[in-house]
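First comes the structure, then the notes that go with it.
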Amino acid sequence: MGNYFNPGNEKFYEAVNSEIYIDKTGLIQYTNSVIATMQKYICISRPRRFGKSTAANMLTAYYSSGCNSEELFAGFEIEKSKSYSKYLNHYNTVFLNMQEFLSQSDNMMEMIDLIRQSVLWELMEEYPAYRYFDKTNLTRTMQDIYSKSKCPFIVIIDEWDCVFREYKTDKDAQERYLDFLRDLLKDKGYIHLAYMTGILPIKKYGTHSALNMFDEFTMIDPGPLAAYVGFTESEVEGLCERYRMDLEEVKSWYDGYLFEGPQSIYSPRSVVSCMRFGRMGNYWNQTETFEALQVYIDMNFDGLRADVLSMMAGESVPVNTGSFTNDMTTLRNENDVLTLLIHLGYLGYDSINKCVFIPNGEVRAEYVNAVSVSDWGEVSKALKNSADTLHAIWQRRSEQVAEGIRQAHFETSHIQYNDENALSYTISLALYAARNFYTIHREMPGGKGIADMVFIPRKRFPDKPALVVELKWNKNATGAIAQIRRKEYCKSLQEYQGNILLVGVSYDIKTKEHTCVIEEYDL
């Protein structure tokens with residue numbers, strides 16, 4: 001048992017024996033199905049905190065002949081598979097965490113040499129008696145071992161893309177690295193499975209599309225592996241029951257990554273932290289600061305700032321992911337930035353409608369942090385003042401509410417501001433702080449019509465009033481209140497037991513002024 005060649009199962013043992021472990025061993029059934037086929041090359045790209053390393057450690061524990069993992073996998077989903085016993089601990093397995101080698105090297109050649117020497121050292125220790133063509137050549141040595149032992153190799157690489165994140169502008173280093181991986185893996189009979197994980201998909205490089213044999217499973221298209229990207233809703237529901245947490249609250253904070261298979265995927269690290277600590281919170285910034293997001297949303301591409309604001313207000317925006325070159329520097333337009341943010345987990349992607357959105361409350365808080373310290377003019381002020389505007393509604397100070405909406409209008413003037421839909425965008429920005437207390441519904445059916453916006457307090461804020469908001473463009477705010485009552489919009493809140501405030505907002509195109517009327521509603 002070595003560190004890189006035929007390692008043990010200790011890392012996966014730690015995961016299984018943690019307070020919270022969700023069984024994702026079903027992934028092994030897929031990898032078993034492609035062993036020694038044309039589909040044996042798999043590259044998984046996911047954001048940080050999405051369990052990439054845990055999955056790599058699981059596969060290592062399952063395939064490595066350097067350990068016995070039968071007891072470790074007992075009772076898990078993979079044990080039911082017909083292929084389970086056939087491949088369990090039957091392979092010469094090489095596990096490489098590229099970040100480890102990168103951090104111990106001063107340049108790319110040094111890193112590649114360190115990888116070669118580390119693996120060769122352990123291969124020679126395991127197979128000292130064989131006759132080798134060249135003991136300094138890793139590829140030829142693995143081929144010699146396979147020819148004599150008839151035991152094929154599985155290569156598992158974690159953080160495969162760290163080179164492209166650390167050597168962002170060094171194309172020579174990147175190409176040397178790709179050439180090394182191609183020489184090690186491509187068209188080699190001794191490889192029965194190659195599994196790589198990273199944040200970014202495989203770099204596109206013209207003639208250096210060196211790893212074009214890989215099937216890629218990304219945040220844009222996870223394919224049949226969607227259920228293994230994060231926690232599914234049923235898995236989170238089970239955790240909520242176990243830890244007595246409110247599923248609706250957890251969903252609003254950590255859900256939002258949509259795929260065609262499982263409709264809801266949650267951020268695993270955040271859910272685990274939420275359950276263990278017994279409270280909702282922003283656990284995202286424990287592993288990455290908001291400055292990482294700020295760099296990209298501050299890029300001065302036409303339309304990018306407006307689209308970020310739209311998404312912060314709850315909208316989706318269209319995106320073309322096709323031009324992205326899978327690195328963090330070749331960003332030529334807004335679409336490239338938005339696509340990168342999908343891969344980094346800062347945006348969810350709707351593959352059917354080809355649009356992006358901010359997935360949940362936790363990630364939305366990162367946008368607020370980033371915008372608040374950026375040079376975004378009045379928008380930063382509007383976000384900071386949104387809490388005051390919300391408090392003004394609770395206290396029925398309609399003039400202050402109208403002023404808060406006016407400030408938010410500065411940043412929505414790029415939208416054709418001539419209908420209720422555009423006005424609702426402004427309200428969403430002006431009342432951004434409401435997301436901390438409410439579940440917000442746009443165009444919610446109720447009574448004899450559809451209310452423009454309904455704010456229902458979350459269960460842990462029973463003292464907050466529900467808000468029914470009606471918007472009028474170039475009309476009368478008092479008329480908006482009358483419409484709420486006349487069309488009985490509050491019937492949609494019959495199950496709600498608390499106070500209700502009716503909020504009418506109007507914008508006068510001639511005077512360029514917002515007006516607001518707030519009234520209590522008696523159930």
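The figures that follow rest on heavy atoms only: side chains count, while hydrogens, waters and symmetry mates do not. In what follows, residues are counted from 1 in the order of the sequence shown.
- Closest of all the heavy-atom pairs between T389 and G404 is OG1-CA, 3.6 Å.
- Panel note: side chain N17, backbone Y13; a donor-acceptor pair is recorded below 3.5 Å.
- Annotation: side chain of M275 is in contact with side chain of I20 (closest heavy-atom distance under 4.5 Å).
- At a threshold of 4.5 Å between non-hydrogen side-chain atoms, the residues E470 and V503 do not count as touching.
- Residues forming a side-chain hydrogen bond (donor to acceptor under 3.5 Å, both in side chains) with R460 (at least two apart in sequence, or on another chain): E249.
- Of the N and O atoms on the side chains of E366 and N282, at least one donor lies less than 3.5 Å from an acceptor on the other residue.
- Distance alone, capped at 3.5 Å, is enough to place a donor-acceptor pair between the N360 side chain and the D255 backbone.
- The shortest side-chain heavy-atom distance between V271 and I22 does not fall under the 4.5 Å cut-off.
- Counting only heavy atoms from C-beta outward, the side chains of W160 and L96 never approach each other to under 4.5 Å.
- Judged by distance alone, with hydrogens and angles left aside, the side-chain atoms of T37 form no donor-acceptor pair with the main-chain N or O of S33 at under 3.5 Å.
- Between E159 and R165 a salt bridge is recorded (basic side-chain N to carboxylate O distance below 4.0 Å).
- Annotation: Y228 is not in aromatic contact with F50 [ring centroid separation under 6.0 Å not met].
- Of the possible polar contacts, none joining the S273 side chain to the S270 backbone as a donor-acceptor pair under 3.5 Å is found.
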- Message: Test salt bridge (Lys or Arg N to Asp or Glu O under 4.0 Å) on E362 and R269; report intermediate values, then the result.
- Response: CA-CA 12 Å; E362 182 183 42; R269 168 71 178 271; over 6 Å; no
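- Test N32, N6, N89 against Y63 for side chain to side chain donor-acceptor pair (under 3.5 Å) and you get one pass: N32.
- A centroid separation of less than 6.0 Å is found between the aromatic rings of Y62 and F73.
- The ring pair (Phe, Tyr, Trp, His ring centres under 6.0 Å) analysis of residues 435-470, with sequence neighbours excluded, yields the pairs W394-F437, F437-F461, Y438-F455.
- For the residue pair S264 / E233, a side-chain donor-acceptor distance below 3.5 Å is found, with atom types taken as modelled.
- Taking the side chain as every heavy atom from C-beta outward, I427 and I405 approach each other to under 4.5 Å.
- Across F95 and K11, no two heavy atoms sit closer than the pair CE2-NZ, 4.1 Å.
- Proximity of a side-chain donor or acceptor of N326 to a complementary backbone N or O of L200 within less than 3.5 Å is not detected.
- Taking 4.5 Å as the limit, every side-chain heavy atom of L304 sits out of range of all side-chain heavy atoms of Y296.
- A donor-acceptor contact closer than 3.5 angstrom links the side chains of T232 and E235.
- Under the side chain to side chain donor-acceptor pair (under 3.5 Å) rule, D158 has a single partner from T197, N57, T60, which is T197.
- No donor-acceptor contact under 3.5 angstrom links the side chains of E70 and Y84, judged on distance only.
- Each of I157, V155, L27 was evaluated against Y195; a single residue qualifies, L27, per the side-chain contact (heavy atoms from CB on, under 4.5 Å) test.
- Looking at I450 and M444, their side chains never come closer than 4.5 Å, going by heavy atoms from C-beta outward.
- Side-chain N or O atoms of K24 include none that pairs as donor or acceptor with a backbone N or O of G51 at under 3.5 Å.
- In this structure, Y257 has its ring center no closer than 6.0 Å to that of Y266.
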